[in-house]
2 protein chains.
Amino acid sequence: MADPTRISLNTATLQQWSLRECVEGCARYGISAIGPWRNKVHELGLDTATQIINDHGLQVSALCRGGMFTSLDDAGQRQAFDENRAAIDEAAALGAACLVLVVGGIPEGSKNIAAARAQVVDGIGELLDYARSARVPLAIEPLHPMYAADRACINTLSQANDVCDQLGEGVGVAIDVYHVWWDPELEKEIARARNRILGFHVSDWLLATQDLLLDRGMMGDGVIDIPQIQNWVEKAGYRGPIEVEIFSAQNWWKRDGNEVLETILSRFANYV
Amino acid sequence: MADPTRISLNTATLQQWSLRECVEGCARYGISAIGPWRNKVHELGLDTATQIINDHGLQVSALCRGGMFTSLDDAGQRQAFDENRAAIDEAAALGAACLVLVVGGIPEGSKNIAAARAQVVDGIGELLDYARSARVPLAIEPLHPMYAADRACINTLSQANDVCDQLGEGVGVAIDVYHVWWDPELEKEIARARNRILGFHVSDWLLATQDLLLDRGMMGDGVIDIPQIQNWVEKAGYRGPIEVEIFSAQNWWKRDGNEVLETILSRFANYV
């Protein structure tokens, strides 16, 4: 059973709450860390966001998100570079343990996923000096293969590990059970990710998933053996926060935020 | 460019047509092969189905489908075994080049995907003598990881190749671009599948996919580099039919079947 004090609340789980409400909710329920999305930070302003997170004594497990490196033209690539530097600055200001990278899919008009993957490696490589200087580790999050076209062309932990091997210090991985649970190579690749696991995210895969993006389940409501994967992650040396990230437009986003947090706490006791 | 005489029509592409209409449509447009689903065969009756397919001179590229080996109880396993033997009998009667296997997901109440995968290997193994006697090769179709829970826990060609290595003669693979296009190991695993490729299926992955099951695209409307994958498949020795299998509840299933067939023919000239 996971220690509930290790919970981090990814703010995407409570789309119905502002960052301020998320921070106050965490404090109210004894949740010690938060993983904010940049849009919610921007709504509040970076300084205010930093201050209220600090005032409530929360760790920042990660900032979501940088990435989106894939583009067919120079202007698009430059824009991604600038946007990623801004995200690194924000992560540093917030004291985030890492910046999560959703690396980007196949650029519009292309059918070349191999080229997109190469572009991702180049893009992270170009960003790396800046990230190292800012002391913000970059966490590559492999996304489920169903997002290969539109969101992220790194779709297995094996690929993410390969990129880390290639780029060296300053890059690691974020492992989200929703994205990787099906992978027959998962145990082996988690072991291979030793000392580079920067985040561990939980939710559940619902048997009757209704939507490709916005129908993630609460831990315990689906088919993922979360304790098994967590065990592998801990054997690989990870002891950081366990971040709850549930995109759920038709269910959890429609409920009262306090009910969602209470459910997370009770599910942690039984399913994480 | 693919030779249009190599097209096989998977009957799921024309949900709006009976098997008889599909057979007559193929004949009308010079399509030389068909891949029927069992439910459409049953609607017409096996004998009549066999006769009209033969009368129109069509090859049967495959019968869809056997499989569904995963079950937590003995009764479920026995039922799957019986159902698969019936499917083999039908495939033999139809002169199908193979029986496609959709192997089954995680059984209700379980979260153990490794156990489900082991059960699939056992299930195919138990069926193999019967299939060999009937001279019906079994084609394991790896399904996209988004179906790992509810339809098939074999989700990469690598896994399917492993099962073939383990079970030997009489088992091969069906490669559907929709399921495998994202896989970074695809080129390597297709080469490894040499002499065991029993089917090659095409459709397309739409960038803005709306549904996990029923929103496949027509070739050319999505992001899959079909000629690249076809080239790998042909380098691995496959020269059989190219089966068009498009589940499309909101688009192609709502159109006139003749329009769909004409579109397939024109897309073959440009995108396959």
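A quick note: this is a predicted structure, and the numbers were derived from the prediction, not measured. Keep in mind that the numbers below use all heavy atoms, side chains included, and drop hydrogens, waters and symmetry copies. Just so we're on the same page: letters track the sequence lines, and every chain starts at 1.
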Just checking A/E108: does its CD atom have more than 12 heavy atoms from other residues, nucleotides or ligands closer to it than 6.0 angstrom? no
Could you look at A/N112 and say if it's the side chain, the backbone, both or neither that has a heavy atom under 4.5 Å from chain B? neither
Would you check if the side chain of B/K111 reaches a backbone N or O of A/G222 as a donor-acceptor pair within less than 3.5 Å? yes
Need one label for A/I224: side chain, backbone, both or neither, based on atoms under 4.5 Å from any heavy atom in chain B. backbone
If you count heavy-atom pairs under 4.5 Å between each of B/D225, B/L212, B/I113 and chain A, which one has the most? B/L212
Counting only heavy atoms not in B/Y271, do more than 12 fall under 6.0 Å of its OH? no
For the atom pair NE2 (A/H144) and NE2 (B/H144), what is the distance rounded to the nearest 0.5 Å? 6.5 Å
What residues of residues 155-163 of chain A make heavy-atom contacts with chain B at a cutoff under 4.5 angstrom? A/N155, A/T156, A/Q159
Tell me the residues of residues 200-210 of chain A whose non-hydrogen atoms fall below 4.5 Å from those of chain B, in number order. A/D204, A/W205, A/L207, A/T209, A/Q210
Greatest number of heavy atom pairs closer than 4.5 Å to chain A - which of B/P184, B/G109, B/C153, B/G105: B/P184
Taking all non-hydrogen atoms of both residues, which atom of B/W182 and which atom of A/A148 are closest, and how far apart? CB-CB, 3.9 Å
Counting only heavy atoms from other residues, nucleotides and ligands, does the tally under 6.0 Å from CD of B/Q79 exceed 12? no
Any side-chain heavy atom of A/M146 within less than 4.5 Å of one from B/P145? no
